[in-house]
Amino acid sequence: MIDHRLIRENPGEVEKQLQRRDPGISLQPYLELDHKRRNILQEEERLKQVRNKVSQEIAEAKRQGGDAQEKILEMQKIAGKIKELEEERRGVEKAWHKFLTELPNIPHEEVPVGTTEEDNKIISSWGEIPEFSFEPRPHWELGENLDILDIPRGGKVAGSRFVFMKGDGALLERALINFFIDYHTAHHGYQEIFPPFLANSDSMFGTGQLPKFAQDLFYCPEEELYLIPTAEVPLTNIFREEVLKNEDLPIKVCGYSACFRSEAGAHGRDTRGIIRQHQFNKVELVNFTSPKTSWEQLEVLVSEAEKILQLLELPYRKVGLCTGDLGFASAFTYDLEVWVPSSGKYREISSCTNFTDFQARRAQIRHRPAPGEKAEYAHTLNGSGLAVGRTVVAIMENFQDQEGRIHIPRVLQDYMGGKKVIGG
RNA sequence: GGAGAGAUACCCAAGUUGGCUGAAGGGGCGGGUUUGCUAAACCUGUAGUAGGGGGUUACCCCUAGCGAGGGUUCGAAUCCCUCUCUCUCCGCCA
């Protein structure tokens, strides 16, 4: 959420920045609502001041055994007027708040203007794209032949975009989760968290999924709980409505979760294989920093995710998202894209974002810069470290051999009971 | 799921015949006095916040706020309704 005072003081500049995302954004309706809201508020508060004063006078008169009937009658009128103003203000405020909560974050000045992923800026590449001396197979074929992926039965039991992983496939999935968490806790200073996989609407609002993106979430109406689309939601909301101790910053937490996404609007995209599922596994990294250090911390964060890809020996590239591809809450996002032979291109496997104070303001996550000073909003960042299902895809396809076997990266072999090859 | 108890400031905790209580009293923390230092004693300060207005940008004023949201009333921590959470007992259960 953008600071509403920033908008009031600098509407032209804020609008200009937001129009880099979408030229159609106009703050005019918002400014009108804000103006209206303040007018009503001022009159309402003036009347409340009168009410408070006269109520005291009534109390005093009664205490002395006097009659206050006249004043009470007068106050009945004032009370009615206050009620009317309150009602009117509530209506205006609702629209005002809705507008404010549906405005995206202001993109960082270095985010390139663009409309699609074609406009993203390629920053660096790592590793060699594999040259196969044979016709490489897509992961769904490899998985079926090796009996480690069962997509048809996923469809039977749950529906399309669900999968069973079997045998060494299931083991690989589990090995990756353990490797990711072990590495981030041992080498990058993260505290491991195992979060709830369902979250309430306050939490979903805090990280920015609600109110605007409800259609992307799975929801349990009876309990009023949402299935989390990423561990970012519970991990960030750990400190919702709290003031963090400055000496504890940066706070770095990482956690595994299953992620649930309805993929509304993705019909027909990535229908083969397991690139795009309703349920997938991910290890998420979340940082809480002071506003002064969040941009340095983003560089650290993305390097932590890159390190995992390097250890797995997977070829990838780092891109800076353009304004059109930038998430709603993001001020700046690096995507890490891994080479996927069956797609013939790099595919997103990690997204590392600085949300500045956008989520912190929604979730009321603050820190006190120094003792006695006013608490201010912290900055939140997160990054995938990494998406597990897509890592499985990348390993299967990049490390396949002519016989359709999968060679396990060295760092994972201990996690696979010493296994070096699947299908060997 | 059934029955009961509770939620007041950083913590503990009074306050429910509605009205100088925006909140007694402790503890903690900040400042001070006595003191060679520490301890102790004594004095003193201590809502944070959100919203709005003013401003000489030092600050000042107002409104809200006693778990949350509604309601009754001239006036609500106090009365009524709904919800959330915590604790105890029973039931069920990985």
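Chain identifiers are assigned alphabetically (A, B, ...) following the order of the sequence lines, protein sequences preceding nucleic acid strands; residue numbering begins at 1 within each chain. Keep in mind that the numbers below use all heavy atoms, side chains included, and drop hydrogens, waters and symmetry copies.
Spacing between B:C62 and B:G22 at atom P, rounded to whole Å, works out to 14 Å. When the P atom is used for both B:A23 and B:A77, the distance is 12 Å, rounded to whole Å. Taking atom P on both nucleotides, B:G27 is separated from B:A40 by 12 Å, rounded to a whole Å. Taking atom P on both B:A5 and B:C10, the two are 29 Å apart, rounded to the nearest angstrom. Taking the C1' atom of each, B:U49 and B:A9 are spaced 12 Å apart, rounded to whole Å. When the C1' atom is used for both B:U88 and B:G45, the distance is 40 Å, rounded to whole Å. When the C1' atom is compared between B:A24 and B:A13, the two are found 10 Å apart, to the nearest whole Å. Across the C1' atoms, B:A68 and B:C59 are found 34 Å apart, a figure rounded to whole Å.
Residue contacts for A:Lys62: at a heavy-atom cut-off of 4.0 Å it reaches a base atom on one of the strands shown. Counting non-hydrogen atoms under 4.0 angstrom, A:Leu41 reaches the backbone sugars and phosphates but no base.
With rounding to whole Å, A:Leu47 atom CG is found 14 Å from B:C74 atom C1'. The distance between atom CZ of A:Arg368 and atom C1' of B:G30, rounded to the nearest whole Å, is 14 Å. Regarding A:Glu241, its CD atom lies at a distance of 14 Å from the P atom of B:C85, rounded to whole Å. Rounded to an integer number of Å, the gap from CD1 of A:Ile40 to P of B:C62 is 23 Å. Summarising the geometry, the separation between CD on A:Glu222 and C1' on B:G1 is reported as 14 Å, rounded to the nearest angstrom. One interatomic measurement links the two molecules: CZ of A:Arg8 to C1' of B:G53, which rounds to 11 Å at whole-angstrom precision. Atom C1' of nucleotide B:G71 and atom CD1 of A:Ile82 are separated by 16 Å, given to the nearest angstrom. Atom CZ in A:Arg5 sits roughly 20 Å away from atom P in B:U57 (whole-Å rounding).
Of the residues near RNA chain B, A:Trp96 and A:Ile72, the one whose nearest nucleotide (by heavy atom distance) lies more toward the 5' end is A:Trp96. Two residues, A:Lys83 and A:His4, neighbour RNA chain B, and the one matched to the more 5' nucleotide by heavy-atom proximity is A:His4.
With a cut-off of 3.5 Å on both pairing distances, the Watson-Crick or G-U wobble partner of B:G45 is B:C29. With both pairing distances under 3.5 Å, B:G1 is matched to B:C90 as a Watson-Crick or G-U wobble pair. Using the Watson-Crick or G-U wobble rule with both distances under 3.5 Å, B:C37 pairs with nothing in any strand shown. Pairing for B:C66 is absent, with no Watson-Crick or G-U wobble pair whose two atom distances lie under 3.5 Å. Nucleotide B:G22 forms no Watson-Crick or G-U wobble pair with any nucleotide shown, as no partner meets the under 3.5 Å limit on both distances. Remark: B:A7 base-pairs with B:U84. Criterion, Watson-Crick or G-U wobble with two distances under 3.5 Å. Searching all strands for a Watson-Crick or G-U wobble partner of B:G55 with both distances below 3.5 Å returns nothing.
Between B:A64 and A:Asn52, a contact under 4.0 Å exists linking OP1 or OP2 to a side-chain N or O. Considering only side-chain N and O atoms, A:Arg366 lies nowhere under 4.0 angstrom from the phosphate OP1 or OP2 of B:U49. Remark: A:Arg38 is in phosphate contact with B:G53, judged by side-chain N or O atoms under 4.0 Å from OP1 or OP2. When the side-chain nitrogen and oxygen atoms of A:Arg51 are compared with OP1 and OP2 of B:G75, one or more of them lie within a distance under 4.0 Å. Residue A:Gln42 places no side-chain N or O under 4.0 Å from the OP1 or OP2 atom of B:G52. Look at A:Arg37 and you'll find a side-chain N or O under 4.0 angstrom from OP1 or OP2 of B:G52.
Side-chain atoms of A:Glu45 come within donor-acceptor range of the base of B:G51, with a qualifying N/O pair under 3.5 Å.
Shown here, B:A58 is classed syn by the O4'-C1'-N9-C4 or O4'-C1'-N1-C2 angle, which is within 90° of 0.
Annotation: the span from A:Leu321 atom CG to A:Asp335 atom CG amounts to 4.0 Å, rounded to 0.5 Å. Here CG of A:Leu85 is found 9.0 Å from CZ of A:Arg89. Values are rounded to the nearest 0.5 Å.
Between A:Leu172 and A:Ile148, the closest side-chain pair of non-hydrogen atoms is not below 4.5 Å.
Ion pairing between A:Glu93 and A:Arg37 holds under the 4.0 Å rule for side-chain N and carboxylate O. Contact check on A:Arg46 versus A:Glu43 returns a salt bridge, with a Lys/Arg side-chain nitrogen under 4.0 Å from an Asp/Glu carboxylate oxygen. At a threshold of 4.0 Å, the pair A:Glu144-A:Arg137 does not count as salt-bridged, since none of the basic side-chain nitrogens sits closer than that to a carboxylate oxygen. One finds no salt bridge joining A:Arg161 and A:Glu263 here, because no Lys/Arg side-chain nitrogen approaches an Asp/Glu carboxylate oxygen to under 4.0 Å.
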Problem set entry | Criterion ring pair (Phe, Tyr, Trp, His ring centres under 6.0 Å) on A:Phe164 and A:Phe162, from CA distance to verdict | CA-CA 7 Å; A:Phe164 282 98; A:Phe162 288 95; 9.8 Å; no
